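Just so we're clear, the structure is a prediction, and the values are computed from it rather than from any experiment. All ligand and atom numbering here is 1-based and tracks the order in the structure.
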Amino acid sequence: MNRVKVDLDGSSYPIIIEANSLSSTGKVIRERVGQKKGVIITDENVDRLYGPALEDTLENEGLRFTKLVVQPGEASKSLSTAERLYKELAELQLHRDSVVLAFGGGVIGDLAGFVGSTFLRGLPVVQIPTTLLAQVDSSVGGKTAVNLSRGKNLVGTFHQPEMVVMDPVVLETLSSEDVRSGLGEVLKYGLVWDENFFWKAVDNIELFENVENGAGLESLISRCCEIKAEVVGRDELDRGIRQILNFGHTIGHGIEAGSGYGELRHGEAVIWGMIGDIWISQDRGYLAEETFSRILGGLTRLSLPSLPDDLTGTELLEYITRDKKVRGGVINSVLLREPGEKVDVEQVSEAELKDAWEFLTGLEVN
Ligand SMILES: NC(=O)c1ccc[n+]([C@@H]2O[C@H](COP(=O)([O-])OP(=O)(O)OC[C@H]3O[C@@H](n4cnc5c(N)ncnc54)[C@H](O)[C@@H]3O)[C@@H](O)[C@H]2O)c1
Ligand SMILES: [Zn+2]
C-alpha cells in the first residue's frame, strides 16, 4: 500500500494506492467520511466490470449509496448530463453531507467532481479512479469540468476531493490505447520533474504497456501522485508552477481538437505534444541536440498513435488559438531547458508551432 498526502492551505487529503483493494474500499471510505449516504457516479463500462464489487463493499460497511450510471465517453462530460444528474440528486434528497463517489476514468472524475462541487454549493467528493490517466493525473488536484460545443473544459471548478482511493489491478481490463494515454502523462511527470523517473519508466515501458499485472504499477502510480501532490500543494489554483504540468498540452490539445476528440486519447495527443515542445526547445537552443535526440528516443519507445493525417499546420494553429488557455492571442507552451530540472512556461510563435508540426508529421514512427 502506498499513501501520498496532498497538503494544501487549510486542508489536506490522502491518496491511497493499493493493489486488490477495490473489494475493501468501503472501509477506507467509511473511516474517512463516516456513516453517510450518497451516490456513486460511474459509466456503463466501469459499472459492468466493477460496479458490483464497489456496491458490495459499501453495503458491507453499512453505507447507503445509490448508483447513477452515464454513458462512457467524452460526450458525457456535458451540461446536459450534469443536469440529469442534478435532478437525480434532488430526487434522492441528498443533503450537504451526502457524498459523491466518482468511480471511473477522467471523464467520470471531471463530471462527477463538477456535479458534486456545484450541487447544494458543494458536496464532499471521493475520487475512485479506474483508468491509468485518472489514477496518475486527473483524480488528484481538484480540477473539475464539463465541455461546451465551443471547446473542452470550458465550464468547471476547483473542488478538492475528500480522498482519492485506487486499485491498480482494475487497470488490467483497460484497452491498450487507454494504457498508452496514461503512460503519456506518466512520462510527462518525468520530463518536468524527475528525469531519473522518466528513464526508469522508459526502460520498463513494454512491461507497463501490457498491463497483465496491475499490482506491478503501484509504485509507478505512486510516484506520479507524489509529483502531482507536490506541484498542486505549491500552486493549487494553477497560477504558477502547476502550469508546467501542461507540458505537451498546447500542441496536444490542438491535435485532440483537430481530430474531433475520439481518434486520439488525451494522453496520446500529449505524447505528440511533448515531442513538439522538445523540438521547439532544441530549436531555440535550450536543449542540446544530443539531449533532444535522447529524449525523443525515450518518448518513441512508446508505440505512438498515428496523427490525424488530414490535419494541416494552419488548422492545428486554429485549434490551438481557440483553446481557453490562449489569452489575448498569446500562445504559451512549456519548454525544457534541463529535463526534470529547468522547465519554463514561455510564449511561442505561430511559426515555431508550424515548424514543430512539420517535424511531427515527418517523423518516422514505429
Ligand atoms: N481534471 C484533471 O486534472 C484532468 C487531467 C487530465 C485529463 N482530464 C480529463 O480526463 C478525461 C480523459 O480521461 P480518461 O482517459 O480516463 O478517459 P475515460 O474516462 O473516457 O475512460 C476511457 C475509457 O475506459 C473505460 N474504462 C474506465 N476504467 C476502466 C477499466 N478499469 N477497465 C476497462 N475500461 C475502463 C471507460 O468506460 C472509457 O470507455 C478527459 O476528459 C480529460 O479532459 C482531466
Ligand atoms: Zn493531460
Between ligand 1 and the protein, tabulate every N or O atom pair separated by less than 3.5 Å, reporting distance only.
| unit_1 | atom_1 | unit_2 | atom_2 | d |
| --- | --- | --- | --- | --- |
| ligand 1 | 1 (N) | Asp110 | OD1 | 2.9 |
| ligand 1 | 1 (N) | Lys143 | O | 3.1 |
| ligand 1 | 13 (O) | Gly106 | N | 3.1 |
| ligand 1 | 16 (O) | Gly106 | N | 2.7 |
| ligand 1 | 16 (O) | Thr131 | OG1 | 2.6 |
| ligand 1 | 19 (O) | Gly106 | N | 3.1 |
| ligand 1 | 19 (O) | Val107 | N | 3.0 |
| ligand 1 | 28 (N) | Thr130 | O | 3.3 |
| ligand 1 | 28 (N) | Thr130 | OG1 | 2.8 |
| ligand 1 | 31 (N) | Thr130 | O | 3.0 |
| ligand 1 | 31 (N) | Val170 | O | 2.9 |
| ligand 1 | 32 (N) | Thr173 | OG1 | 2.7 |
| ligand 1 | 37 (O) | Asp43 | OD1 | 3.2 |
| ligand 1 | 37 (O) | Asp43 | OD2 | 2.7 |
| ligand 1 | 37 (O) | Asn45 | ND2 | 2.9 |
| ligand 1 | 39 (O) | Asn45 | ND2 | 3.1 |
| ligand 1 | 41 (O) | Glu74 | OE1 | 2.7 |
| ligand 1 | 41 (O) | Glu74 | OE2 | 3.1 |
| ligand 1 | 41 (O) | Lys77 | NZ | 2.8 |
| ligand 1 | 43 (O) | Lys77 | NZ | 3.1 |
| ligand 1 | 43 (O) | Lys152 | NZ | 2.8 |

Where the Zn ion (ligand 2) is the corner point, what angle links OE2 of Glu185 with NE2 of His249, to 10°?
-> 120°
Report the residues that fulfil side-chain hydrogen bond (donor to acceptor under 3.5 Å, both in side chains) with Glu268, sequence neighbours left out, ordered by chain and then residue number.
-> Arg180
If you look at His266, which of its N/O/S atoms is nearest to the Zn ion (ligand 2)?
-> NE2
Salt-bridged, [X] to [Y], with N to O below 4.0 Å?
X      : Y      : value
Lys27  : Glu31  : yes
Arg337 : Glu346 : yes
Lys87  : Glu91  : no
Arg48  : Glu44  : no

For the residue pair Val192 and Ile244, what are the closest heavy atoms and their distance?
-> CG1-O, 3.6 Å
Evaluate the salt bridge (Lys or Arg N to Asp or Glu O under 4.0 Å) criterion for residues Arg234 and Glu230: first the C-alpha distance (whole Å), next the side-chain angles of each, then the deciding distance (0.1 Å), finally the verdict.
-> CA-CA 6 Å; Arg234 292 193 201 182; Glu230 174 78 35; 2.9 Å; yes
